Amino acid sequence: MIKLIFLDGQEKSFTPGTTPEDVAKSISPNLAKKSVAAYLDDELYDLNRPMEKGGTFKLVVESDEEAFGILNHSSAHLLAQAVKKLHPSAMFGVGPQTDEGFYYDIALDHSITEAELAEIEKGMRQLSQEAHPMVRSEKTREEALAFFKNDPFKKELISAIPEGDKITFYTQGDFVDLCRGGHVGNTSKIKHFKLLSLAGAYFRGDSSRPMMQRIYGTSWFSKEALEAHLNLLEERKERDHRKLGKELKIFMLSSEVGQGLATWLPNGYAVRKVLEDYVYELERQAGYLHVSTPVLGSKKLYQTSGHWDHYQENMFPIMEKDDETFVLRPMSCPHHMTIFQSDLRSYRDLPIRYAEIVTQHRYEASGALTGLERVRAMTLTDAHIFVRPDQIKEEVINAYHLIETAIADLGLEVDYLEFATRDDSKDKFHDNDALWNQAEAILQSVLDEAQIPYKEVPGEAAFYGPKIDFQVRTAMNRVITMSTVQLDFLLPERFDLTYINASGQKERPVVIHRGLISTWERLMSILLEQYKGAFPFWLAPVQILLIPVNNNAHEAYTKEIYQTLMHAGFRAKLDLSDEKMGYKIRDAQQQKIPYTFVIGDDEVKNQTITYRQFGSPEQTHILVKDMVDIFKKEAEKKSRKK
RNA sequence: GCCGGAAUAGCUCAGCAGGUAGAGCAACUGACUUGUAAUCAGUAGGUCACGGGUUCGAUUCCUGUUUCCGGCACCA
């Protein structure tokens, strides 16, 4: 007999070979229905996998977080089985679950079309109805390789499994796949799914390898949950910053101007200017000194910094004129290094924090360009902080707090931090081990001492040093690097930066690279999606629209109020068109203007204004004399959640 | 850059199994002068992304290019 210890501490004996499903059924049929898999000690078991030993036993039920992944992983297998049935020559790469569903990579001579997705989906439904058990088996490496002897993809995946790890196969009907599991035990458990899209994907994520066809899908435990998810996907389309940016006339991307080159329209620039002013003031108060450097730089400057060696592929081609070679700057660090260099520095001067609202150009791969999210000309607030070694920690923490403030003021939230370190790919990183070890140790200790949780990502560092990236999850459920703090011992050396220490000796400063809120372009894309185009008051391109009830009778008073608002620094707009009032209000709502004033006889008589807020029909009356104060307070709140 | 798809009026889209295009909104003109999400009528607007081919004839079929979209790779 084997002994299982349940969640509540109860122990129960079962005959060896009992499956988790048997156990679940013995507890309650309802529980068995909701079970997806089980844990025996720390090992994930399929519902139908016989248990030959005892241990702590925990069922994974539909409502558990990991159940979704298990279902979707199983759904990927169902997809593969259906594809294999339609195309017996198909071979497969990987087929994992994702945050929101699953995919499987397929190698097939024939190009799968959108129309065929429905056919494949039908095949999946049939296989689900046929209720094939998904049976696990263990194989030796030799057996596994022999089984897939004609499949170079699976053979390679088998070879990549570390020595000593179990190699397991899953069989459902006549379909056999290499897989570590766990699975839902039977294809009949997979009922509510949809295939979503087709894409290309390199085998093992390596662009030098063959491209496979990837099918994306999503799978849920109920019809309602599936529909809810499909609705969410529809809603996301409504939030897409490219759609909203066009509708609200925020920006344009025109092939006439050039691929990946965004043009900011008046509405977009109004928002951007608020952000620029906000950031400037935030930095000024934090002791940053603002500078301005040219958009062009000598190629030598970038050779000195090392950017030329690492990124010339991603830079626009060089320009040669009068024996000098220029590049369109892709980065501002080298420029700021020269500013530090330009004067004799004392240890008393440090830290020196240079900030700049800087436009830079990068030759991004054409396929990477996406709306405002990825462009070839971008403007951002960039900063470089020059510190003594003893000031590193404090300044990293200062930068951390500044970033926290900015992100909170924008109404966004940091999802998690990434601590990006180097790995052993030598050509990606500069080769001074001592500097690397020092820099990584310092950043690590800052994170640890401040007790900030983070995810370490080896190999993601910049070539000049490790970094802490602030990852924000957008309204589209994409994770984007919003801010960054990078520690750099290399560029000070490359530029031979020095300051005079207390004993009169030259010493090397350390540079902290700080990115505050991504680029204006990317930030705009995130904000548009976050607010679905309905900007909070302080950012809105037009904050207040004024509508007179009768143009003739109320124009003068409305204009007076308009002037008061404009002089007080607000962005107001007057609608004196011949349209009906209802039309004007609808128009204001469609433009997502935060406040709409309606001004008629009552307002003139009482020296008031009547407003409604975006999205609400409620009417509020306030005295004109209180108006400016009320809206100034509203603007000061920024987008803070609390 | 790679795989796949798309491109019709300012916008959103319909249409064409090959016979040079249509709606709604927007724009313009006129009437209406209004108290909280679309007043009515009229007018104008298109080398059907661009180049080449097949054809008596191409927006439609084939092909190349460009741009965009879904992904992959890349992202200092």
Side-chain angles (χ1 to χ4, degrees), chain A residues 93 103 105-106 111-115 196-216 237 240 242-243 246-247 249 253-260 302 305-315 329-334 360 362-371 373-376 378 382 420 428-429 460-465 467 469 480-481 484 486 488 491 513 515 519 522 547-554 577-590 596-603 610-612 614-619:
Chain A
Y103 64 80
D105 287 347
I106 303 157
S111 266
I112 298 168
T113 62
E114 297 270 346
L196 298 172
S197 62
L198 276 165
Y202 297 109
F203 181 54
R204 305 194 77 193
D206 181 343
S207 57
S208 67
R209 307 298 303 272
M211 182 154 272
M212 307 184 87
Q213 301 183 64
R214 177 173 292 182
I215 297 178
Y216 282 93
K237 280 188 205 157
D240 191 307
R242 290 164 295 195
K243 181 176 153 75
K246 193 182 261 182
E247 282 171 7
K249 301 187 199 305
L253 286 159
S254 145
S255 53
E256 215 173 331
V257 174
Q259 202 181 17
Y302 287 88
S305 70
H307 286 90
W308 178 254
D309 280 347
H310 283 269
Y311 295 109
Q312 55 176 295
E313 294 299 309
N314 296 304
M315 287 161 73
R329 85 171 149 202
M331 246 295 132
S332 56
C333 352
Q360 50 197 39
R362 295 181 183 177
Y363 177 76
E364 302 281 6
S366 60
L369 302 173
T370 309
E373 218 172 282
R374 198 78 180 271
V375 287
R376 287 178 171 166
M378 64 218 89
D382 201 8
K428 266 171 80 180
F429 307 107
E460 296 298 314
F463 76 86
Y464 47 71
K467 55 183 187 170
D469 283 342
I480 279 185
T481 300
T484 184
Q486 311 175 350
D488 179 5
L491 294 192
H513 300 242
T519 64
R522 185 172 287 183
I547 302 174
V549 169
N550 178 304
N551 281 354
N552 293 326
H554 312 122
S577 67
D578 281 338
E579 291 297 342
K580 289 197 112 175
M581 214 175 80
Y583 181 93
K584 293 184 185 180
I585 285 165
R586 179 170 185 269
D587 194 44
Q589 292 296 307
Q590 283 184 332
T596 305
F597 289 9
V598 173
I599 290 153
D601 289 343
D602 294 348
E603 285 74 17
T610 298
Y611 69 72
R612 63 145 74 196
F614 171 72
S616 157
E618 193 187 328
Q619 293 171 41

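This is a predicted model, so every value here is computed, not measured. In the text below, chain A, chain B and the rest are named by the order of the sequence lines, each starting its count at 1.
Here B:U34 sits opposite no nucleotide as a Watson-Crick or G-U wobble pair (both hydrogen-bonding atom distances under 3.5 Å). Of the nucleotides present, B:G71 is the one that pairs with B:C2 by Watson-Crick or G-U wobble criteria, both distances under 3.5 Å. Nucleotide B:C48: unpaired (no Watson-Crick or G-U wobble partner with both distances less than 3.5 Å). Look at B:A27: its Watson-Crick or wobble partner, with both distances under 3.5 angstrom, is B:U43. B:A58 is unpaired under the Watson-Crick or G-U wobble criterion, no partner having all donor-acceptor distances under 3.5 Å.
For the pair A:Arg214 and A:Tyr103, the cation-pi criterion (under 6.0 Å, within 45° of the ring axis) is fulfilled.
Of the possible donor and acceptor atoms, one in the side chain of A:Arg522 sits under 3.5 Å from a partner among the backbone N and O of A:Glu373. In this structure, the side chain of A:Lys584 engages the main chain of A:Ser577 through a donor-acceptor pair within 3.5 Å. Remark: the backbone N or O of A:Arg374 is not paired with any side-chain donor or acceptor of A:Glu364 at under 3.5 angstrom. At distances below 3.5 Å, at least one donor-acceptor pair connects side-chain atoms of A:Tyr302 with backbone N or O atoms of A:Met331. For A:Arg362 (side chain) and A:Pro330 (main-chain N/O), a donor-acceptor pair under 3.5 Å exists by modelled atom type.
Relative to the side chain of A:Gln619, the nucleotides B:A76, B:U36, B:C74 differ in distance, and B:U36 lies closest. When distances run from any side-chain atom of A:Tyr583 to the nucleotides B:U39, B:G4, B:U36, the shortest one goes to B:U39. Side chain of A:Arg522, nearest nucleotide from B:C75, B:C72, B:A76: B:C75. Closest to the side chain of A:Asn552, from the set B:A76, B:U33, B:C75, is B:U33. Checking B:A76, B:A37, B:C2 against every side-chain atom of A:Met211, the shortest atom distance belongs to B:C2. Of the candidates B:A38, B:G71, B:G35, the closest approach to any side-chain atom of A:Ala199 belongs to B:G71. Among B:C72, B:A76, B:U36, the nucleotide with an atom closest to any side-chain atom of A:Arg362 is B:A76.
Comparing B:U47 with B:G52, their C1' atoms sit 16 Å apart, to the nearest whole Å. B:C68 sits 31 Å from B:G18 when the P atoms are compared, rounded to a whole Å. Only the P atoms considered, B:A27 is 22 Å distant from B:G35, to the nearest whole Å. Atom C1' of B:U29 sits at a distance of 30 Å from the matching atom of B:U20, rounded to the whole Å. A gap of 16 Å separates the P atoms of B:G10 and B:A26, to the nearest Å. B:A9 and B:U59 have their C1' atoms separated by 14 Å, with the value rounded to a whole Å. Nucleotides B:C61 and B:C16 place their C1' atoms 12 Å apart, quoted to the nearest Å. Here the separation of B:G51 from B:A58, taken at their C1' atoms, is 14 Å to the nearest Å.
Using bins of under 30°, 30° to 60° and over 60° for the plane-to-plane angle, the ring pair A:His307/A:Phe463 lands in the perpendicular bin.
As judged by a 4.0 angstrom heavy-atom cut-off over every strand, A:His310 is placed among residues making no nucleic acid contact. If you check every strand for non-hydrogen atoms under 4.0 Å, A:Asp206 touches nothing. Among the atoms of the strands shown, only primed sugar atoms or phosphate atoms (P, OP1, OP2) are found under 4.0 Å from some heavy atom of A:Gly205. Here A:Gly582 lies in heavy-atom contact (under 4.0 Å) with sugar-phosphate atoms only. Contacts of A:Tyr202 with the nucleic acid, taken as non-hydrogen atoms under 4.0 Å apart, include base atoms. At a threshold of 4.0 angstrom between heavy atoms, the contacts of A:Thr610 include nucleobase atoms, whether or not backbone atoms are also involved. Among the heavy atoms of the strands lying under 4.0 Å from A:Ser366 is at least one base atom, whether or not backbone atoms are also near. A:Glu460 comes within contact range of no nucleotide atom at all, as no heavy-atom separation falls under 4.0 Å. Looking at heavy-atom distances under 4.0 Å, A:Tyr103 makes no contact with the nucleic acid at all. Using a 4.0 Å heavy-atom cutoff across all strands shown, A:Asn550 reaches sugar-phosphate atoms only and no base atom.
Protein atom OH of A:Tyr363 is 14 Å distant from nucleotide atom C1' of B:C75, rounded to whole Å. Here B:G1 presents its C1' atom at 11 Å from CD of A:Gln259, a figure rounded to the nearest Å. Distance CD (A:Gln486) to P (B:C75): 13 Å, rounded to an integer number of Å. With rounding to whole Å, A:Ile215 atom CD1 is found 19 Å from B:G70 atom P. Between A:Ile547 atom CD1 and B:U36 atom P there is a gap of 12 Å when expressed in whole angstrom units. In this structure, the CG atom of A:Asp240 is 12 Å from the P atom of B:U12, given to the nearest Å. Rounded to whole Å, the distance from CZ on A:Arg214 to C1' on B:G70 is 12 Å. Between the CG atom of A:Asp578 and the P atom of B:C40 there is a distance of 15 Å, rounded to whole Å.
Between A:Lys467 and the phosphate of B:A76, there is a side-chain N or O to OP1/OP2 separation shorter than 4.0 Å. Proximity of A:Ser207 to the phosphate of B:C2: no side-chain N or O atom is located under 4.0 Å from OP1 or OP2. Taking only side-chain nitrogens and oxygens, A:Ser111 comes nearer than 4.0 Å to OP1 or OP2 of B:G4. Not one side-chain nitrogen or oxygen of A:Tyr611 sits closer than 4.0 Å to the OP1 or OP2 atom of B:G35. At the phosphate of B:U12, OP1 or OP2 sits under 4.0 Å from a side-chain N or O atom of A:Lys246. Close to B:G70, at under 4.0 Å from its OP1 or OP2, lies a side-chain N or O of A:Arg242.
Taking only distance into account, the side chain of A:Glu313 never meets the base of B:G1 through a donor-acceptor pair shorter than 3.5 Å. Judged by atom type and distance alone, A:Arg209 does not reach the base of B:C72 through any side-chain donor-acceptor pair under 3.5 Å.
Each of A:Gln213 and A:Glu247 was assigned the nucleotide of RNA chain B with the nearest heavy atom; the assignment lying further toward the 5' end belongs to A:Gln213. Positionally, the nearest nucleotide of RNA chain B for A:Ala365 lies more toward the 5' end than for the other of A:Ala365 and A:Gly615.
Side-chain contact annotation: A:Gln259 with A:Ser366, donor-acceptor N/O pair under 3.5 Å absent. Side chains of A:Gln486 and A:Tyr464: a donor-acceptor N/O pair is present below 3.5 angstrom, by distance only.
B:A76 has its base stacked against the ring of A:Tyr311, the centroids being under 5.5 angstrom apart at an interplanar angle below 30°.
We find that A:Asp206 and A:Arg204 are not joined by a salt bridge, their nearest charged nitrogen and carboxylate oxygen being 4.0 Å or further apart.
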